[in-house]
Structures are given as C-alpha cells and as structure tokens.
Amino acid sequence: MPTVYVNDTPVEIGTGKLNCIQAADRAGVLVPHYCYHEALSVVASCRMCLVEVGERKPDGTVVMQPKVVPGCQTPVKDGTVVVTGEYDKRDPAAEPLNYPADYTKGGKPGERAKKSQADTLEGLLVNHPLDCPVCDKAGECKLQDYSYGYGRSESRMVDDKFAPPNKPHLSSKITLFTDRCIMCTRCVRFTREISGTAELMVSGRGDHEEIDVFPGRPLENKLSGNVVDLCPVGALGSKDFLYKQRVWYLKAAEQVCSRCSTGCSVYVDHNKDIVYRLTARENPQANGHFICDEGRWGYHFANSGERLTRPQVKREGRFQPAPWVQLTPLLKDELADAAKGGGLLAVLSPFLTVEEAFLYATLFKGLSPDARLILGPVPVVGEDDRYPKDVRGNPVEPTTFVIRAEKCPNRRGVEAVLAHFTGSVTPFAEVVRDRPALMWFAGGYPAKEHVEAAFPTDWTASGTVVAQDILPTLLTASAEYVIPATASFEKDGTFVNHAGLAQTFGRATRPPHEARSELQLAFDLLGRRGLVQAAAVRKELAAAIPLFAPLAGDVPKDGVKLGS
Amino acid sequence: MPYEPVLLARVNKPGSHALDGYRADGGYATFEKALKDLKPEALTAQVKDSGLRGRGGAGFPTGLKWTFLPKDHPGPVYLCVNADESEPCTYNNRVLMEKDPHQVLEGVLLTCHAIKSQKAFFYIRYEYGDAFRAVQGAVDELYAAKLLGPNVLGSGKTFDVVVHRGAGAYICGEETGLIESLEGKRAWPRIKPPFPAVEGAFRKPTIVNNVETLACVTQIVKRGKEWFQSLGVPPDPKNPRDAGSYGPKLYTLAGHVNKPVCVELPMGVTCRELVEVHGGGVWKGRKAKAVNPGGLSMGYLDVDAPLKGGADGQTEYDIPLDFNGPGRVGCLGLGTAAVTVIDDQTSMVDVLHNTCQFFAHESCGQCTPCREGTGWMLKIVDRMRRGQGRKEDLDILVDVADRIGIMPGTTICGLADGAGWPVKTAIRKFRAEFEAAIRSGERSKYAKSLAMAGAH
C-alpha cells in the first residue's frame, strides 16, 4: 500500500490521487488553506497551506526539499514525507523519521512552514480592516480562526490601510465588503467552473485588486448564494442573513432541503426555533458541495406570519380554535364514519417524510381496507436546470449541479409507501373531481401555489375536508378542519430523492406551540402510546416494506441508495 | 582591439528594418540552408552545444529548454517570442525589434524549424508602438516574400507568425503570464508543473524565448558554435552546475550616466568598464554610489564596498557582468543586463521608494505574500521618505523582502524575488544611510503623499 508520512505518522493513501492537504487530513492533521477547495481548480495563490515535503526512500533515508511548497498543489505518492507547521504537535506515538542534517540545521522540522504561514497571515491582515465586531462572519471566519491558530498576536503594520468602497450592487442577494476580501478567488472560480455564468472577475492589480462584476451584469444566477458559503472571510455576505444573528448563537442541524427532488444536504442554522439560514452540507451522493438559491433562501415560509399555527374547526361558517383534547376524538369519529361508508380519501403529499406517509397509510388502511390513498399534488416548474452554463445559457457537460423541476423532496418515498399499501399510485389529478365523504389532505406545502395549482378554478368542497397544511390555501378555506402542518425543519424523518437516495435527518426547530407533528397526530389517532420517535417508525417501515429495508439500522450520513 | 558588434551590426544602416537590406547583408540564407540541410534535431543540438543561455533574465540554457518538448507530439507546438520587455531601464530587445526585426524573425524561423512548430506568437508589450509596427511590417514583408505562410521555400512546411500586442503589464513578461495573456486571460502566472514545454499556450507544448535569444540563435546557426564560444566566459570549473556565459550580450545603460546607450559586448565586461568607458562615466562629474547590474529586480551593488575574494582595491563595481558575476555580490543575477547607475547625490531612500513603487504597482496580485508584501514595503518606504521612518522599519523591510518569492517558496513566479532583492540589497548595503535618514527625520524633496485607491 502506498504510504505517506504526515508529521511522522504513516498514512495509507490507497489508489487515490491526493494532495498534501488531503493526505494530511487522512492523518487527522489540518493544513489551513483559503484558496483551495475540493470542488474548484487549484490556483495555489493564498499560500496558507505551505508545508515542507520530501521523500522517504525504501532504505529509510529521507530527502527533504529545501523550500516550502503549497500543499494544495503538491501531489503525494508512496514515500512522500509531509511536514506541516504543526509538527511540534505531532502524535507522540509516531516514530520520528530520520531527517537529514542539512534539513534540520536550519531549524526543527515544521518551523519554516510555521513561519511561512504566520508570514502569510501577517500579509493578509496588512490591508484587512479588522472590523470583526461588526462583521457577520466573525465566529466562523477562517481569517480569524487561522490568525488565532497560526498568526502573530500583534500587527507590525502601522500605515494606513486601503479602504475600497463596498459593493452592495454586486447582486440583489449578495453584497461585497471589498476591504475584507483576501483575494482567494474561490468565488470567481465558482462562477466560472460550477455555474459557468462567469459574472465575477478580478479587477485591478496588486494590493488594489478587487472582486467585481462586469458592468450591467450582476451576480444573478440560481447558484449565486454558494459564493457566500465559499468565501472564507466576511467579504461576500448574503443580504438575507446580514446583521440578523451572530453566528455563535446559531445551532446547525444536519437536514435535507425540501425545495426540489435533488434533496441537497444542508445545514439548517437556527436559534430559539427560528431558522436563520441554510448552508450547503457536502454530500457526494446528492448535491456535492453546493446548493441552489431557491433552497438556500426558500426557508422563509417556516417563519411566515401567515402560517397556520393552531388547529381550527369551522362552526357556523367561521373558523374557531379547537384544542387538541377536543379535536382528536372529533377527528376519530369523523374518520370512523367516513371509513364505514367507504368514503374515505386520504391525500399524502410528497412533502411528507416516509415515516409520516407510512404511519398515515397504516392509520387509514387500518380504518377501512377501502380507504383510498392518493399521492398529493407534485409541483413541477419548468424543466431540470443543469449547470454549468455556457455564455448563451445552454448547459455544458460534464454537469456540476442540477436544480430539479420537481419541487418536492419525497415523491419517490411517498410513492413507495402508497404502492405498498394500494398496489399502485394514483395521482391527485385523477381524484380531484371525486366527491368523497371525507378528504384528509395531508399537505405541508411550503408555497400555496403548489396546492392551488392542483385544483380547478371551479372546484368546490364536498363532504368533510380535513386540510393539514403550513400556509392557508383555498383548500384550507373550504375545509371543515384545519390542522397545522410542520415544515421539514421541524421534522425527524427520511426523504427519498429523485435518484432513490434515502437521507434521514433530525429536527432543527420546534413547530409552533399548538401545532403537532404529523407523526404525533398519527400516533394519537392510531391510539398508540409512548414517545413518538421517527427512528422507531422507520424500523417498523423497514420491516414492513422491503424497499426500505436498508433503513432498519443506522443510516449513513450521506444517505443510502434504495433498491440497488 | 575593440569588439565588432554582431547583433547590432546592422542597426545604424539606413533602412535596417527592411527585408531588402537584410537580404543584401546575407539575411535568410542561413534559414534557407538550415531548412534544406539541417534536421530539427541537429539544429537543436547545435544551439544546445553552443551554450546559449536565455537573455530574458533567468539565463536558462536555450537548447536544453527546447529538448523538454514531448517527443513525437502530434502537435501543434507553439513558439512564443517574449517581447514584453518591461524590466525598468531595459531596452535591448527594443533596439533589435525596431532596427533589425529580420534578424530576430530569422531566429524565430530557425527556432520554429528546430522545435517543429508551425506557429509563433510574437508578444510585444503595448508601450512598444514603434517596435510593434517594425515587427508587423517585417512579418508582412515575409508573408509577401513567401518566407512565411504555407510551403515555405518549397519545403512543404508552413510557418506563421502572429504579432500580438500586449496591454501593458510587467507580469506579462513572465512566461506563463505571457501565455495566459496571449490566451486572452488575466496574466496571472500559472502554477508549475506542467511547464510550458509540456503544456503551454492553448494547452499545447510551447517554448517561450526572448527576442535577443532568438537573434543569438540566428547568429549561432550562421557563424557556428565555435564563434559563439569564442566570446564570453567559460564555465567555472569549480562549479559543476555552471553552464558558462558564452556569446555577445546587449548591455543597456541608464540612470546617471553620460551616455545612456545600448552596447554589444562579449559577456563578462566589468560593471566599471561598462559605465566608465562605454557609458562615458557618471554624469555631471559625480561619482557612482550604487549600481543596479541587470534590471531593477537584481538588486543593487555598492560601488565603494570591497569585493569579497577580489584583488586588492577591487570593489563591487568590478564584478564581471556575466551570469555569475552579480551573484557574487548578493545580487539576484545578470537579469536583462540593464545597468542603472545611481550617483552619490541621490538618496537611497528615494531610489528604494521608486523601486518599491514599481513592484507594488506591477505585482499581479495573485499570491498573498507578493501582493501584500510589495504594497506594505511601499507604504513603509513612503513613510520613511516623508521623514516618519522608524528604526524597526528597516528590519521589517528586510524581513518582508526575504520571505517573498519563489526562492523561499512562497509565490508562484519570480516577481516577488525581484521585488524583494533590491530592497534587501539596498538596506543591507546602505544601512547607515537609511538609519541617518530615519534619525534626521527629513522629508525627501520628492516626497508626495501616497495615492490611496478608494480611500475615503
């Protein structure tokens, strides 16, 4: 096995083509870096990842290169020796390599790398405004972190700093604090290599260099928000998040985006049950390193003032709040009546988790084998949007990112549940004109258009409608019972994306006070007792439906492909 | 016996830039013969054996560079002529291009034949308008005379020369910066490897040669390598890695000399002889204080400092201007052999300010150490020049100058080495003067406040 020595620790690298940063990472050693990003081309310009490298010959002798090299640009192979600036914190159990005398005479291993990194940081701070107290990035800023870890405590720079004006016009969603920029050019490379739209560029030269857009061509593409995630410092800011919250108050929940069937892995950053932002979470099986703007900024519905937050019952044409303790027996009776007459129709939306769909299906089919289970409206907008684009806006191979036309996270998962219970999947359009005694509409749609587009303009309610949704729609207006639904941020569960990748996730925020999660409600109606746990339902589901068998145990972080 | 110029033999003739005159002087006969009789490999070997080293600054052996091209590459292979002569006080390429472009173009054709390239890109800096027009005119003449185009001289081979005018940036003279610029991108030097000989312009193998190097190729093929090796300095037998400094060299003189001229001399003329004899001495009857031996990047030598290892009475002024000489006194190298003289009435603080201003302005801004280092050094020197220097500033300057560049490994290209070298040599060699300037707190009469872009 090819072996690389990182700070004396041997690491097997297998057959992968790795650079020093990646090899060090396998040894658990962080090589700090700014410009390097796994998904982007290597430019080796920030000079933060400087390391010392050499080669260990088969006879045990070591030959070291006389100068520091950028770790991101330097590939490792069998026998490569990498000495980082943190050599002095190496694993004490590792046996020291036999470093040659001409290498150690100028200082201990790692000292040159350490000094070079401190020098780079001193350089980066020469023109940096150090306005951390008013900078949104403070707390998660790589310039802060690395300066703390690898830099000098005092600046020797006493002269005036350049203070180029900020560029709020960069885009409608993103602003540039020009003076904070460290010119890593990750954002520029992103627009050239991933989105292909190439709006960003570097203008000027030397320390007067700035990131800018071309006149009249602002940074408006559907992936633009990623440049904010990519920015290692506080230069590119999302206007949506700007000045909303200090990042150290935020808690990041590992979740799955619900806004299209790609099912991007995201971090949902929240505090006190309010979602403040979504950022991309790397998942090679789903989204890679990035997410789209629709998903990133599409969380506002959960914080919307219009949200249905408590159960309501229509009495004498007016909605009145109904406490759960009264409502649950009422609903049980309504369901039982309808089931008896064979007029129970349940619509399960593709925004439900598979656990919720499974439990609801169990409930309704348990009431009557004749109960009809229907797949809720599947919102489709336009066509799949593929990136990168060329100058004319046409997609170019190889594809780096796809925004799916299907704007829901779990059609495949809900379909699989429905198919198990009913043998086939009936789309909502086929039953919209039916007049059942009771229609239970389990929605959870983040936009009212998703629901309303599925109903003909002349549609009127018949029988009893139980509408469970997040936002008021024409359906909730004509319903007898209106039950608040929970947003994906408020759920535990599993989504199955367009390619059959099942990803489980945990709750980020709590639902509104008087709302109950779908799982809880199903538990109540089923008369089950005990604590509602999605994982327990998942086990039950995995045992009941063979397709979901892989979900029986712990699901890997990146999800698991079903049916393969 | 005075040296008879070869490269500059024709520059004073009337109409020296035209094809007729060049042909009358035996021009393109060498190319015709080489195309007919010499295989590319033989031509490469001839240049390699001559010991020709690149004239652009780094002094890399030219023939050796050609051999780095991948064997049996399906092509195309490109030649880039580096005429982005932006090193301050350097104008030897300009003389060649304006006055004798065909000598260079014959070298281009010979090189294209040697490296099996069909296309050469002649990258001329924007500021060289006359040179651009002269070279473009000469290329047009060659197309008209069917020395360029398809089936040159019935050989069945195609040769094309594209004259490209840069947009004015020092960094375009760095070979990969030049290639990026040629491709229409921002001239940010590329990370190496791959070197241009493997993957260069338009991702094809590319050789980048300096204008004077190509003029030398013409003369080597014409006169033979024995002639070339009869000039200059043979390799130092004590240094096995020394490739020698053979051949004629164009030296340009600038600064405080009586005659700022471009002279052609065999390699190895001493700095003193060049300035005192060929440059007519220091102007206004003054004495030289510091000399920049080969373009601003190479650093300064102290005219009065005794030469280490030299004979009695020899000073740094007496170093030979070959590829090794300037290195003996702590300078970076021969560079472009552009000698700038600074007289004893000039403040080194002002000199250093001018130097720092250039590099801060020209740093491409890609690598952090260079981008921030050059700017910081300028700010410090500027403050010093306004009489507000601090004692520790000198140490900071040397520290910053020492740590930026490819030699310590902190940048992609050599611009930062060139930016740091004049700073550290000036401060190390003239420290007393800098300290006196700081102590006195006097403001330089040339000082003005630094333009702060975007300051508000």
Side-chain angles (χ1 to χ4, degrees), chain A residues 34-35 41-48 50-53 65-70 72-75 112-113 115-128 155-166 178-179 182-185 188 192 201-210, chain B residues 168-171 185-193 358-384 388 390 392-393 395-396 399-400 402-412 415-416 419 449-456:
Chain A
Y34 292 113
C35 66
S41 61
V42 172
V43 289
S45 67
C46 74
R47 300 281 151 167
M48 191 59 218
L50 294 170
V51 291
E52 298 163 26
V53 297
Q65 284 188 29
K67 53 183 170 185
V68 291
V69 298
C72 63
Q73 186 205 335
T74 311
R112 274 176 304 159
K115 181 181 177 303
S116 304
Q117 288 176 330
D119 291 348
T120 295
L121 281 166
E122 187 178 32
L124 287 173
L125 293 180
V126 160
N127 278 309
H128 188 82
S155 173
R156 299 187 288 172
M157 158 89 177
V158 296
D159 301 281
D160 290 342
K161 298 186 176 202
F162 296 128
N166 294 337
T178 319
D179 49 356
I182 59 163
M183 296 307 301
C184 69
T185 69
V188 177
R192 290 180 185 174
M201 57 138 172
V202 179
S203 74
R205 212 161 56 194
D207 56 2
H208 290 292
E209 220 167 43
E210 291 172 17
Chain B
Y170 178 65
I171 196 61
K185 302 181 200 152
R186 195 180 159 84
W188 272 2
R190 292 179 182 175
I191 47 176
K192 288 142 249 179
F358 176 78
F359 288 108
H361 184 63
E362 292 296 351
S363 167
C364 81
Q366 189 174 202
C367 311
T368 307
C370 172
R371 176 180 71 236
E372 304 296 344
T374 53
W376 190 15
M377 291 196 296
L378 172 62
K379 283 179 180 174
I380 294 174
V381 178
D382 185 75
R383 182 159 43 75
M384 208 182 275
Q388 294 163 14
R390 306 170 304 162
E392 57 265 42
D393 284 339
D395 294 331
I396 296 176
D399 185 30
V400 175
D402 257 336
R403 75 194 196 192
I404 61 175
I406 9 182
M407 298 213 173
T410 57
T411 59
I412 290 171
L415 189 145
S449 56
L450 194 60
M452 305 283 284
H456 45 212

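Every heavy atom of this structure was used, including side-chain atoms; hydrogens, water molecules and symmetry mates were not.
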Enquirer: I need the minimum non-hydrogen distance between A/S45 and B/Q366, along with the two atoms involved.
Expert: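 That closest heavy-atom pairing would be CB-O, 3.2 Å.
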
Enquirer: If you count heavy-atom pairs under 4.5 Å with chain B, which of A/G123, A/A44, A/G206 comes out on top?
Expert: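 When all of A/G123, A/A44, A/G206 are compared, A/G206 has the most.
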
Enquirer: Could you tell me which of B/C370, B/S363, B/A169 has the largest number of non-hydrogen atom pairs under 4.5 Å with chain A?
Expert: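 If we count pairs closer than 4.5 Å to chain A, B/S363 comes out on top.
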
Enquirer: For chain A, which of B/E362, B/R190, B/R371 has the most heavy-atom pairs under 4.5 Å?
Expert: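 Highest number of heavy-atom pairs under 4.5 Å: B/R371.
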
Enquirer: Does any part of the side chain of B/Y170, heavy atoms only, come nearer than 4.5 Å to the side chain of A/R205, both counted from C-beta?
Expert: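 Heavy-atom side-chain distance check fails, nothing below 4.5 Å.
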
Enquirer: If every non-hydrogen atom of B/T368 is compared with every non-hydrogen atom of A/L124, which pair is closest and at what distance?
Expert: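 Nearest pair, atom of B/T368 first, then A/L124: CG2-CD2, 3.2 Å.
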
Enquirer: Does the pair B/R383/A/D159 count as a salt bridge with the N-to-O cut at 4.0 Å?
Expert: yes

Enquirer: Could you check which of A/Q73, A/M201, A/R112 has the highest count of heavy-atom pairs closer than 4.5 Å to chain B?
Expert: A/Q73

Enquirer: Non-hydrogen atoms of chain A under 4.5 Å away: do they reach the side chain of B/K192, the backbone, both or neither?
Expert: backbone

Enquirer: Hey, which of A/I182, A/D119, A/D207, A/V43 has the most heavy atom pairs under 4.5 Å with chain B?
Expert: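 Result: the option with the highest number of such pairs is A/D119.
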
Enquirer: What residue, out of A/P66, A/C35, A/G204, has the most heavy-atom pairs lying under 4.5 Å from chain B?
Expert: A/G204

Enquirer: Could you tell me whether A/R47 and B/E372 have a side-chain N and a carboxylate O separated by less than 4.0 Å?
Expert: no

Enquirer: Side chain, backbone, both or neither: which part of A/S41 has a non-hydrogen atom closer than 4.5 Å to chain B?
Expert: neither

Enquirer: Any non-hydrogen side-chain atom of B/W188 less than 4.5 Å from a side-chain atom of A/V202?
Expert: yes

Enquirer: Might you work through the side-chain contact (heavy atoms from CB on, under 4.5 Å) test for B/R390 and A/V158, ending with a clear yes or no?
Expert: CA-CA 10 Å; B/R390 306 170 304 162; A/V158 296; 3.4 Å; yes

Enquirer: Let me know if A/T185 has heavy atoms under 4.5 Å from chain B in its side chain, its backbone, both or neither.
Expert: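 The side chain, not the backbone.
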
Enquirer: Run B/I191 and A/V42 through side-chain contact (heavy atoms from CB on, under 4.5 Å) and show every step you take.
Expert: CA-CA 9 Å; B/I191 47 176; A/V42 172; 4.1 Å; yes

Enquirer: Chain A heavy atoms under 4.5 Å from B/I404: which part of the residue, side chain, backbone, both or neither?
Expert: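 For B/I404, neither part sits under 4.5 Å from chain A.
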
Enquirer: If I compare all heavy atoms of B/P369 with all of A/T120, which pair ends up nearest, and what's the gap?
Expert: CG-OG1, 4.3 Å

Enquirer: So, B/D399 and A/R156, do they make that salt bridge, N to O below 4.0 Å?
Expert: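 Looking at B/D399 and A/R156, the cut-off is met.
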
Enquirer: Which heavy atom of A/K67 sits nearest to which heavy atom of B/M407, and what is that distance?
Expert: CD-O, 3.4 Å

Enquirer: Tell me, for B/T410 versus chain A, whether the close heavy atoms (under 4.5 Å) come from the side chain, the backbone, both or neither.
Expert: both

